[in-house]
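Here is the structure we will look at, set down as structure tokens.
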Amino acid sequence: MPPAPATVTATAAAALQLEPFLPRLTTLPHHKQFHAQLITSARLYFEPSLRARFLDRLALSAHAAALPHALLLLRSLPSPATNDFNAALRGLAASPHPARSLLLLAGRLLPSPSPPRPRLDALSLSFALKASARCSDGPATLQLHALVLRLGCTADVRLITTLLDSYAKCDELASARKVFDEMTVRDVASWNALLAGLAQGTEPSLALALFHRLVRSFQELPPREAPNVVTIIAALSACAQIGSLQDGLCVHEFARKIGVGGNVRVCNALIDMYSKCGSLARALEVFHSIKREDRTLVSYNTAIQAISMHGHGGDALKLFDEMPTCIEPDEVTYIAVLCGCNHAGLVDEGLRVFHGMRVPPNVKHYGTVVDLLGRAGRLAEAYDTIKSMPFPADIVLWQTLLGASKTHGDVELAEVAATKLTELGSNVDGDYVLLSNVYASKARWADVGRVRDTMRSNDVRKVPGFSYTEISGVMHKFINGDKEHPRLQEIYRALGEIMSRIGELGYEPETSNVLHDIGEEEKQYALSYHSEKLAIAFGLIATPPGETLRVIKNIRICGDCHVVAKLISKAYGRVIIIRDRARFHRFEDGQCSCSDYW
């Protein structure tokens with residue numbers, strides 16, 4: 001029970017000195033002492049503003065026991081105010097268990113019988129929406145949207161922006177767009193929330209369309225909607241995801257126009273975008289434009305990753321060694337360097353980096369080392385590395401070993417890896433395809449059939465290969481054996497001419513990549529119409545001579561397409577850059593940047 005009002009008067013003078021200590025509370029014992037003073041001075045019950053501010057600091061404290069203590073305090077109040085309730089909601093939403101914020105909102109964390117729940121306000125809903133976004137809980141966001149409408153909070157721009165952001169982070173992009181379109185008043189945060197949601201979700205093309213809409217209306221926008229650094233970073237993320245260099249150049253130019261082109265965060269995003277769009281030179285130009293003293297860990301990580309993705313492992317190691325001592329490498333740095341060594345076949349250098357790590361290696365670091373050893377044919381060492389790990393191997397590690405076994409034709413180790421994958425419950429098409437590939441390379445067609453039967457019985461379907469290429473700012477998509485492109489007949493004619501021309505350079509189809517027990521002629525036909533071949537053929541007829549062709553593929557490029565791309569680059573005098581799911585291949589004058597080590 002709260003003390004009588006007379007007690008408040010008696011203790012008020014002693015309590016006056018409490019308030020200055022509030023910003024200086026750092027440890028849980030400090031918070032408990034302050035709590036005790038609030039109780040003994042009676043201000044806990046008769047100073048709701050001070051109590052709410054204390055509850056807010058306590059709920060957001062980094063100490064693990066602080067948030068439970070804040071909830072105990074909330075439960076002890078006979079009539080908690082809205083601000084008290086919001087402080088606990090905010091702390092729970094920011095905690096490792098944000099779903100508990102939604103439980104508190106529903107009254108399920110209050111004592112039973114519980115006091116009347118305080119009246120909810122816009123802040124209550126805002127914290128709950130942040131929690132549902134962190135949980136990716138679409139149904140909870142929908143219910144909170146209903147509460148927003150019921151409480152008449154639709155005019156609160158910040159709250160509606162938080163609602164939009166929550167829908168986007170729950171991958172409810174249609175709902176996010178609807179909320180945005182229905183907003184009568186927006187600010188830059190509203191644009192940024194939708195841009196980021198579309199870019200980081202499944203609709204990067206729509207993100208770019210929204211960005212161009214923003215650019216077109218830039219001069220008419222009120223100051224509150226003016227684009228900023230976050231806008232640019234979201235747009236660059238969309239460009240990087242779909243590999244649209246033309247859009248990336250447009251975003252870069254707009255960043256210069258609004259005066260943020262030199263911002264370090266924007267520069268880091270530009271490095272990432274340019275590298276993923278196949279322009280390593282532009283990426284490094286941006287990196288070197290950042291003053292050395294202004295470069296951050298993210299700057300170095302992004303640049304090292306860019307260099308590594310393009311197969312220049314030695315340069316990635318050099319930049320890693322040049323990092324200033326004031327910037328300490330983190331987990332991402334080591335992953336980037338190890339990937340560079342992996343793609344370039346620098347086994348000893350990669351092992352040196354791994355064994356010299358100044359942070360504890362995680363499963364991704366071990367996975368990269370297993371891949372590094374496996375690609376080099378050191379399968380026994382790769383297997384020993386998995387067995388020596390201080391934690392259980394995950395699905396990705398066994399898939400890596402299976403891939404290495406396929407590359408080097410080790411049937412026994414492939415079967416070990418495949419068994420482990422089955423035990424871990426993996427049921428993706430790639431595992432079956434790799435194992436059947438191993439069997440096919442040894443002409444064990446009965447085993448290939450058995451794997452295919454297992455795929456059918458488990459309803460596993462192979463992910464179809466597809467490729468994108470950008471021509472005059474338009475993205476064109478091709479699937480294997482495509483029949484839908486409007487210029488299909490021209491493309492197929494061009495492909496026939498290409499095969500004839502590279503045949504004169506000694507091309508012979510690598511039919512070992514075809515996993516079916518069919519005739520040689522049928523195998524050659526199956527290889528001829530892979531999506532990257534169609535994309536390259538279209539690029540040759542749709543662009544002027546000498547222009548660089550850029551192709552993005554959703555899966556790894558096959559051996560035959562790799563050979564064909566090299567020969568086309570020589571026969572037609574073109575640079576061809578292909579980004580597959582693992583790395584970049586730059587083909588020029590009959591050679592590839594990977595040096596055929598991939």
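Please read these numbers as outputs of a predicted model, since none were measured by experiment. Because only heavy atoms are used, hydrogens play no part in the values below, and waters and symmetry mates are left out as well, while side chains stay in.
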> Taking it one step at a time, do Y274 and E285 satisfy side-chain contact (heavy atoms from CB on, under 4.5 Å)?
Replying inline: CA-CA 10 Å; Y274 278 130; E285 182 182 333; over 6 Å; no
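- Under the 3.5 Å distance criterion, with hydrogens and angles disregarded, a donor-acceptor pair is assigned to the side chains of D330 and T333.
- Although no hydrogens or angles enter the test, the distance criterion places no donor-acceptor pair under 3.5 Å between the side chain of H585 and the main chain of C592.
- Here the closest non-hydrogen pair linking A207 and A238 is CB-CB, 3.9 Å.
- Counting heavy atoms from C-beta on, the side chains of I290 and T296 never come closer than 4.5 Å.
- Annotation: the span from C341 atom SG to E349 atom CD amounts to 6.5 Å, rounded to 0.5 Å.
- For Q489, the CD atom sits in a loose shell: 12 or fewer heavy atoms of surrounding residues, nucleotides or ligands are nearer than 6.0 Å.
- For R501 and Y572, the positive end sits near the middle of the six-membered ring, less than 6.0 Å away and at most 45° from its axis.
- With a 4.5 Å cut-off on side-chain heavy atoms, R177 and L198 count as touching.
- Separation of atoms OG (S569) and CD (Q591) is listed at 8.0 Å; rounding is to 0.5 Å.
- Ring centers of F211 and W191: at least 6.0 Å apart, outside the cut-off.
- Evaluation of the side chain to side chain donor-acceptor pair (under 3.5 Å) test over residues 535-552, restricted to residues two or more places apart or in two chains, returns T543-R574.
- Between atom OH of residue Y529 and atom OH of residue Y492 there is a gap of 6.5 Å, rounded to the nearest 0.5 Å.
- When atom types are taken as modelled, the side chain of D580 and the backbone of K553 share no donor-acceptor pair closer than 3.5 angstrom.
- Within the 4.5 Å cutoff, side-chain heavy atoms of I536 are placed close to those of I578.
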>> Could you go through R456 and D453, starting from their C-alpha distance and side-chain angles, then the distance that decides it, and tell me whether this counts as salt bridge (charged side-chain N to carboxylate O under 4.0 Å, His left out)?
In response: CA-CA 5 Å; R456 280 191 290 271; D453 289 342; 2.3 Å; yes
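- Side chain of S500 to backbone of G496: no donor-acceptor contact under 3.5 angstrom is found.
- Under the 4.5 Å side-chain criterion, counting only non-hydrogen atoms from C-beta, K533 is in contact with C561.
- Between the side chain of D181 and the backbone N or O of K178, no donor-acceptor pair lies under 3.5 Å.
- At least one side-chain heavy atom of L397 sits less than 4.5 Å from a side-chain heavy atom of M389.
- Applying the salt bridge (charged side-chain N to carboxylate O under 4.0 Å, His left out) test to E381 and every residue at least two apart in sequence or in another chain returns R378.
- A distance of 9.5 Å separates CG of D410 from CD of E415, quoted to the nearest 0.5 Å.
- Listed by chain and number, the residues in a salt bridge (charged side-chain N to carboxylate O under 4.0 Å, His left out) with D447 are R444, R450 (sequence neighbours excluded).
- Among residues two or more places apart in sequence or in another chain, the ring pair (Phe, Tyr, Trp, His ring centres under 6.0 Å) test is passed with Y300 by F287.
- The stretch residues 198-215 participates, sequence neighbours left out, in these side chain to side chain donor-acceptor pair (under 3.5 Å) pairs: H212-D247.
- Panel note: side chain S136, backbone C170; no donor-acceptor pair is recorded below 3.5 Å.
- Note: Y366 and F354 have perpendicular aromatic rings, judged against thresholds of 30 and 60 degrees for the angle between ring planes.
- In terms of modelled atom types and a separation under 3.5 Å, the side chain of R265 and the main chain of V229 share no donor-acceptor contact.
- Relative ring orientation between H485 and F478 is described as parallel, the plane-to-plane angle staying below 30° on a 0-90° scale split at 30° and 60°.
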>> Under the criterion side-chain contact (heavy atoms from CB on, under 4.5 Å), I'd like the reasoning laid out for T469 against L549: C-alpha separation, chi angles, the key distance, then a yes or no.
In response: CA-CA 8 Å; T469 188; L549 303 180; 5.6 Å; no
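- Of all non-hydrogen atoms in G314 and L346, the two that sit nearest each other are N-CD1, 3.6 Å.
- Residues T231 and V260 fail the side-chain proximity criterion, which asks for heavy atoms closer than 4.5 Å.
- Under the salt bridge (charged side-chain N to carboxylate O under 4.0 Å, His left out) criterion, R282 pairs with no residue at all, not counting sequence neighbours.
- Considering all non-hydrogen atoms of both residues, G350 and L338 come closest at O-CD2, 3.3 Å.
- Here T368 contributes atom OG1 and I335 contributes atom CD1; the two are 4.0 Å apart, rounded to the nearest 0.5 Å.
- Side-chain N or O atoms of H343 include none that pairs as donor or acceptor with a backbone N or O of M309 at under 3.5 Å.
- The two residues I242 and I552 come nearest to each other via the heavy atoms O-CD1, 3.0 Å.
- Figure legend: cation-pi geometry between K387 and Y383, with NZ or CZ positioned under 6.0 Å from the six-membered ring centre and within 45° of its axis.
- A donor-acceptor pair is defined here as one N or O able to donate and one able to accept, closer than 3.5 Å; such a pair exists between the side chain of H365 and the backbone of E331.
- Two residues are said to be in side-chain contact when any heavy atoms from C-beta on lie closer than 4.5 Å; L270 and L236 meet this criterion.
- Proximity of a side-chain donor or acceptor of R487 to a complementary backbone N or O of F538 within less than 3.5 Å is not detected.
- Taken from CE in M273 to SG in C239, the straight-line distance is 6.0 Å, to the nearest 0.5 Å.
- Using bins of under 30°, 30° to 60° and over 60° for the plane-to-plane angle, the ring pair F466/Y468 lands in the perpendicular bin.
- Listed here is the closest heavy atom pair of L214 and P227: CD2-CG, 3.9 Å.
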> Are L210 and L206 close enough, and set up right, to give a side-chain contact (heavy atoms from CB on, under 4.5 Å), and what steps lead you there?
Replying inline: CA-CA 6 Å; L210 182 67; L206 287 179; over 6 Å; no
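- For S426 (side chain) and L421 (main-chain N/O), no donor-acceptor pair under 3.5 Å exists by modelled atom type.
- Using a 4.5 Å cut-off on side-chain heavy atoms (C-beta onward), T407 and R375 make no contact.
- Between L505 and L567, the shortest heavy-atom contact is CD1-O, 3.9 Å.
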